[in-house]
Amino acid sequence: MPELPEVETTCRGIAPHISGQQIVQVIVREKRLRYPVASRLTGHLAGQTVHAVTRRGKYLLLACDTGTIIIHLGMSGSLFVGSATDRPQKHDHLDILFGSGRCLRLRDPRRFGAVLWTTRDPERHKLLQHLGVEPLSSSLDGDYFFQRSRDRRVAIKQFIMDSRIVVGVGNIYASEALFIAGIHPSRAAGRIALARYLQLAAAIKQVLGDAIDAGGTTLRDFLNAEGRPGYFQQRLRVYQRAGMPCDRCGSVLRQVRMGQRSTYYCCQCQV
DNA sequence: AGAGGTACCTGGCAGC
DNA sequence: TGCTGCCAGGTACCTC
């Protein structure tokens, strides 16, 4: 599920319920996530207050008294606030219980997610220190892409999905942004002109921004959050539409595999 | 340094 | 119905 829009939606959704709240207990039912959940997490957290909930790339950061909880949702994770008395379901691996009676629960069937604890500046954590720019910030623009891509022969789709370049562009939105910008996904990153990178940067901001706005519509019933965020139903223009007509030119949309990932594009509109 | 492949894990689905 | 194989929104780490 989680691309950046869902992580952002999650961040906004859980923050009002847990910011300023004191943690009373952490329950780990399954510690075998991407990295083993440290047992010290349980001991360290009781009594600490969550001061802020922020996002860096697809990492959620819960700032506490003496350190920061780092959460990544992997490919199938979701995080929601409920009551501490709610009965856990099959893949509910971890709960953080608060003095308010609320419970922040991590559900992750594929267990590619991660829950980590650091007492240092989280930006310096091994997993975060090499992250590239935030796509919705002013740091991402055509010039930035142009400079970083010189002499790079990697396909543009893999280039924009490289978290050292820009964070948060996952497989769905990489295809969507390249379609909007009219760039063929396998074109070498180093062979794209500045003017086209200006369009690509704008396209990425547009698709991610629209998705966050759509995801925001589900925030109202976030406490019941169980179903999919609203943005999932938004009309994707190429993703999973192979064989269907391009909504711009009518050509049949194609699907190829790039770096073991499905990629969708229009061979007329994208060059 | 850059490029490409592999591994981690479960669930849903198509095809037989 | 039940089995098999493939696919899925991520990313760290390995080799060449």
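Worth knowing before you read on, the calculation uses all heavy atoms, side chains too, and leaves out hydrogens, waters and symmetry mates. Proteins get letters first, then strands, A, B, ... in listed order; numbering begins at 1 in each.
The A/Met75 side chain lies nearest to C/dG9 when the options are B/dA3, B/dG5, C/dG9. Residue A/Arg110 has its side chain nearest to B/dC9 when only C/dG9, B/dC9, B/dA3 are considered.
Ring geometry, A/Tyr197 versus A/Phe146: the interplanar angle exceeds 60°, so the pair is classed perpendicular (tilted spans 30 to 60°).
A/Arg164 comes within 4.0 angstrom of no nucleic acid atom, judged by non-hydrogen atoms across all strands.
Remark: A/Tyr239 is in phosphate contact with C/dG9, judged by side-chain N or O atoms under 4.0 Å from OP1 or OP2. Taking only side-chain nitrogens and oxygens, A/Lys90 never comes nearer than 4.0 Å to OP1 or OP2 of B/dT10. Side-chain N/O atoms of A/Ser76 include none lying less than 4.0 angstrom from OP1 or OP2 on C/dG10. For A/Arg32, no side-chain nitrogen or oxygen approaches OP1 or OP2 of B/dC8 to under 4.0 Å.
With A/Glu134 contributing its side chain and A/Gly57 its backbone, the two residues share a donor-acceptor pair below 3.5 Å. Using modelled atom types, no side-chain atom of A/Arg55 and backbone atom of A/Arg12 make a donor-acceptor pair closer than 3.5 Å. A/Lys58 places no side-chain N or O within 3.5 Å of a backbone atom of A/Glu3 that could act as its donor or acceptor partner.
Taking atom P on both C/dC6 and B/dT6, the two are 14 Å apart, rounded to the nearest angstrom. Taking atom P in both B/dG5 and C/dC7, one finds a spacing of 15 Å when rounded to whole Å.
Atoms CG (A/Asp108) and P (B/dT10) sit 11 Å apart, rounded to a whole Å. When rounded to the nearest whole Å, the span between CZ of A/Arg150 and C1' of B/dA1 equals 17 Å. In this structure, CD of A/Gln158 is placed 11 Å from C1' of B/dG5, rounded to the nearest angstrom. The NZ atom of A/Lys157 sits 16 Å away from the C1' atom of B/dA3 (whole-angstrom rounding). A/Gln255 places its CD atom 12 Å from the C1' atom of C/dC6, with the value rounded to the nearest Å. Between the NE2 atom of A/His91 and the P atom of C/dA8 there is a distance of 20 Å, rounded to whole Å. Counting to the nearest Å, the P atom of C/dG10 and the OH atom of A/Tyr173 are 11 Å from each other. The separation between A/Arg111 atom CZ and B/dC9 atom P is 6 Å, rounded to whole Å.
Each of A/Asp151 and A/Gln260 was matched to the nucleotide of DNA chain B holding its nearest heavy atom; the match closer to the 5' end belongs to A/Asp151.
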Candidate pair A/Tyr239 and A/Phe179, rule side-chain contact (heavy atoms from CB on, under 4.5 Å), full reasoning: CA-CA 10 Å; A/Tyr239 188 78; A/Phe179 172 76; over 6 Å; no
Could you please spell out the steps behind the side-chain contact (heavy atoms from CB on, under 4.5 Å) verdict for A/Phe145 and A/Ile204? CA-CA 12 Å; A/Phe145 271 152; A/Ile204 288 171; 3.7 Å; yes
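Few gaps surround CZ on A/Arg237; more than 12 heavy atoms of other groups in view lie less than 6.0 Å from it. Heavy atoms from other residues, nucleotides or ligands lying under 6.0 Å from CZ of A/Arg153 number 12 at most.
Residues A/Val169 and A/Ile160 share a closest heavy-atom pair of CB-O, 3.4 Å.
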Give the dot-bracket line for DNA chain B from 5' end to 3' end: parentheses for intra-strand Watson-Crick or G-U pairs under 3.5 Å, square brackets for crossings, | for inter-strand pairing, dots for unpaired. .|||||||.|||||||
Using a 4.0 Å heavy-atom cut-off to protein, can you give one letter per nucleotide of nucleotides 11-16 of chain C, 5' to 3': B if the base is in contact, S if only the sugar-phosphate is, - if neither? BSS---
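Here A/Phe112 does not lie in a stacked arrangement on the base of B/dC9, lacking the combination of planes under 30° and ring centres under 5.5 Å apart.
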Distance-only donor-acceptor hits, side chain of residues 258-271 of chain A, under 3.5 Å, sequence neighbours excluded:
from     : atom 1 : to       : atom 2 : distance (Å)
A/Ser262 : OG     : A/Gln255 : NE2    : 3.0
A/Ser262 : OG     : A/Arg257 : NH1    : 3.3
A/Thr263 : OG1    : A/Lys157 : NZ     : 3.0
A/Thr263 : OG1    : A/Arg261 : O      : 3.3
A/Tyr264 : OH     : A/Gln255 : NE2    : 3.3
A/Gln270 : OE1    : A/Cys266 : N      : 2.8
A/Gln270 : NE2    : A/Leu178 : O      : 3.3
A/Gln270 : NE2    : A/Ile183 : O      : 2.8

